[in-house]
Amino acid sequence: MAVDIKGRLSEYFVSIIPVDKEKIISLLEKPSNPGFGDYAIPCFEMAKEKKKRPDELAKELSSRFEGNEIIVRAEARGAYLNLFINRSYFTGEVVKEISRKGFLGLSKKGKNKTVVMDYSSPNIAKPFGIGHLRSTVIGNSLKKIFSFLGYRVIGINHIGDWGTQFGKLITAFKKWGNDDSLKHDPINYLYDLYVQFHRESEKDPSLEDVAREWFNLLEKKDSEATLIWKKFRDLSIEEFRRIYHRLGVEFEHYTGESFYSDMLDSTVEKVQASKITEVSEDALIVPLDDMPPAMLRKKDGSTLYLTRDIAAVLYRKERYNFDLALYVVGSPQMLHFRQLFKVLEKMGIKWGSQCHHIPFGQIRFEDQSMSTRKGNIIFLEEVMDKAVGLASKIIDEKSPHIDNKMDVAEAVGVGSIIFNDLRNSRIKDITFNWNEVLNFNGETGVYLQYTHARISSLLEKYSQKAGGVSYDDSLQFGEEGYDIAILLNDFEDTILKSAQDFEPSIIARYLLELASAFNTFYNAHRVITEDEGISRTRALVVLCVQKVLKTGLELLGIKVVEEM
RNA sequence: GUGCCCAUAGCUCAGUGGACAGAGCAUUGGAUUGCGGAUCCAAGGGUCGGAGGUUCAAAUCCUCUUGGGCACGCCA
């Protein structure tokens, strides 16, 4: 628990007037204008209860306040009671608290709880475009956030490794492909074959029939089809792993759609056993209220994506006994997940409410809509390479002396790509823009990295001059670190809120605010001064900022650097 | 046609019941004989898509409406 400032303030409040403590805590807010005070209580509601005029009540309350060790003065301004608190005191309290616990195991919210996360989930044989970045980095960040809160997190990469598209790929590979090209650059090569298939099949529709036949064989475990499919899969996953490594993303399992292919019949039987299915137009469906029916089997008897997802969720519940199951999948699939969860509900499954779809907006492109089939796509690796290249160039200009430049450029470049994706609400669509992606100024990941690096350098200099820095009760804090301390104190609540809303951007925004507060402080005050006491208290504040920045960036899945 | 999502400064976005609506980018002007200028400070720029309603109080909640996006039984 952070320093409970509102609780402390409200305690004093209830000692002078008869009012519920929780009520005051819920009313306490930050004034819109910092000049009005540090905290404020709007008096409209209490005035109504007491049948008084709000401004008079505020005035009356202010007159009852006496200065004490935590509240310096209280001032009525219109219907608001503005409080000026002891900034030095609270700055010290916050620094003390952070120095003491260092954010290890802050909240035990997730203790003994398991969350299963389904994220990234690219399709084999489709290149890892920036479209896949979102699910990957949002999922990865949520995974780190929940782990931080003590949850056991199972990350599952639900690879798209099954379906009629593999019939197409096998057809194309057998017709035009060769092993050498495949091994050399598997995903791009398969992608080329995929594009070529669609080009050729427009001229010769019979190719579609050949493709269907190959997928049919694959489902029947035909040895040749299986061998080719497995080769595609293994080589592709190898490629994906390389990209994930660059992004710092890890999964507990790479169980794709094919993993569930043997469970489909029994899954359909389970759904049928709950007597909610119907046969309609030769297909097996589950009629749903207020939404289109969910289809379990096509008229030709084969199953669908939804059937596989039902199989997957039943399997995951049985295997992991999760308390929470998250699907980090784009917003176009909202209906699909509503249907999935509704089917669970109709089956009488109580834990269905533990499953959540975490939707996010799509990446759009300024000119054309990107079609995988036609071959228009921006590759994630291209984006990462450009960002890293730019970072590297700037490092050469500005910091030619630093060690391991390549590693630093990689961390800064990739980090900026990740941050760019996480800084806004997930649900918003993103229009891809090179200028924005490669911008290293302002509200960017680079800004945070730079701030962290500069703090590291500052603290290094400080320790060379004055030795290590640690908290002790004799220190007298000034007011200059107050804005920072208030933000530092919000860190834990920020993490909890981002977990509750499944929204990494809340942490991203918070870190920008914190870094900005630090940079303002840094420009206005010297840390290393002739006064030992002042230097030490300021260095402690800065040390806390460093801790929070580092922890926060790691929660977003971004590696921090000491210099850049 | 039905359902869901989005709409706030030129651009990209914060802000889910409280005081004159905030950032970044872009534009303009400033800051370094001292801790990293990838920084900081300042200026201009807004009928919060529109109309009703609820409330002491609405960008925020409700209804309607306009514009954009997505989805809608045999793809995933």
Side-chain angles (χ1 to χ4, degrees), chain A residues 27 29 31-33 36 40-45 47-48 53-54 77-80 82 121 123 160 162-165 257 280-288 290-306 308-309 329-336 338-339 359 361-362 364 391 394-395 397-399 412 416 420 423-425 427-431 433 435-436 439-444 446-451 453-462 465 505-506 508-509 512-513 515-516 518-529 535 538-539 542 563-564:
Chain A
L27 284 174
E29 61 185 39
S32 56
N33 182 334
F36 292 171
I41 300 174
C43 298
F44 304 101
E45 219 175 308
K48 203 171 185 182
R53 279 177 46 181
R77 188 183 181 104
Y80 289 82
N82 291 320
S121 310
N123 278 325
W162 205 245
T164 47
Q165 55 175 329
E257 291 177 43
S280 163
E281 295 171 36
D282 294 329
L284 184 67
I285 63 161
V286 179
L288 303 172
D290 306 327
M291 58 182 119
M295 191 181 293
L296 300 177
R297 272 194 201 282
K298 301 191 258 186
K299 64 181 169 199
D300 68 4
S302 59
T303 57
L304 296 100
Y305 180 54
L306 181 76
R308 291 195 276 280
D309 263 356
V329 181
S331 58
Q333 293 189 41
M334 275 196 280
L335 177 60
H336 166 75
R338 278 179 49 219
Q339 290 175 315
Q362 294 173 288
R364 312 186 166 288
I394 298 175
I395 290 167
E397 285 167 15
K398 304 196 176 193
S399 321
V412 171
S416 79
N420 185 247
R423 79 177 158 179
N424 294 139
S425 320
I427 200 66
K428 300 252 170 152
D429 288 346
I430 293 178
T431 300
N433 179 308
N435 290 334
E436 211 170 292
N439 174 30
F440 287 174
N441 302 320
E443 293 179 330
T444 64
V446 177
Y447 177 73
L448 300 179
Q449 301 265 36
Y450 177 73
T451 304
R454 189 199 237 174
I455 289 173
S456 302
S457 156
L458 172 58
L459 290 175
E460 174 63 23
K461 281 208 170 66
Y462 176 86
K465 187 176 179 219
S505 70
I506 293 174
R509 292 269 150 205
L512 287 171
E513 242 187 288
S516 174
F518 166 78
N519 282 312
T520 297
F521 169 89
Y522 179 86
N523 268 271
H525 307 284
R526 288 194 58 77
V527 173
I528 302 168
T529 69
S535 302
R538 290 181 180 172
V542 172
E563 52 182 0
M564 61 189 268

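Naming: A, B, ... by sequence-line order, numbering from 1 per chain.
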Expected rows: protein N/O vs nucleotides 66-68 of chain B N/O, under 3.5 Å:
none

First of A:Ala515 and A:Arg77 reached from the 5' end of RNA chain B, by closest nucleotide: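 Comparing both residues, the 5'-ward one is A:Arg77.
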#### Entry: RNA chain B: 5'-proximal contact among A:Asn519 and A:Ala453 (nearest heavy atom)
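Final value for this comparison: A:Ala453.
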5' to 3', nucleotides 10-15 of chain B under a 4.0 Å protein heavy-atom cut-off (B base, S sugar-phosphate only, - none) gives --SSS-
For nucleotides 55-61 of chain B, list the nitrogen or oxygen atoms of the protein found under 3.5 Å from its nitrogen or oxygen atoms, one pair per line.
unit_1, atom_1, unit_2, atom_2, d
B:C56, OP1, A:Lys48, NZ, 2.6

A:Leu448 CG to B:A38 P, in whole Å, measures 15 Å
For nucleotides 74-76 of chain B, tabulate all protein N/O to nucleotide N/O atom pairs closer than 3.5 Å, reporting atom names and distance.
unit_1, atom_1, unit_2, atom_2, d
B:C74, O2, A:Lys299, N, 2.6
B:C74, N4, A:Glu281, O, 2.7
B:C75, OP2, A:Lys298, NZ, 2.6
B:A76, OP1, A:Arg308, NH2, 3.1
B:A76, OP2, A:Tyr305, N, 3.4
B:A76, O3', A:Glu257, OE1, 2.9
B:A76, O3', A:Glu257, OE2, 2.7

One should read off an interatomic distance between A:Thr444 OG1 and A:Asn420 CG, to the nearest 0.5 angstrom, of 9.0 Å
Under 4.0 angstrom, heavy atoms only, what part of the nucleic acid is A:Leu284 near: base, sugar-phosphate, or nothing?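 Here A:Leu284 touches no strand at all.
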Note to self: I'd like to check the ring pair (Phe, Tyr, Trp, His ring centres under 6.0 Å) partners of A:Phe518; sequence neighbours left out, ordered by chain and number.
What the structure shows: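 Counting only residues at least two positions away or on another chain, A:Phe518 forms a ring pair (Phe, Tyr, Trp, His ring centres under 6.0 Å) with A:Tyr522.
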**OP:** For nucleotides B:A14 and B:A76, find the distance between their P atoms and express it as a whole number of Å.
**Re:** 34 Å
In RNA chain B, consecutive runs of at least three Watson-Crick or G-U pairs below 3.5 Å, as range with range, amount to B:1-7 with B:66-72, B:10-13 with B:22-25, B:27-31 with B:39-43, B:49-53 with B:61-65
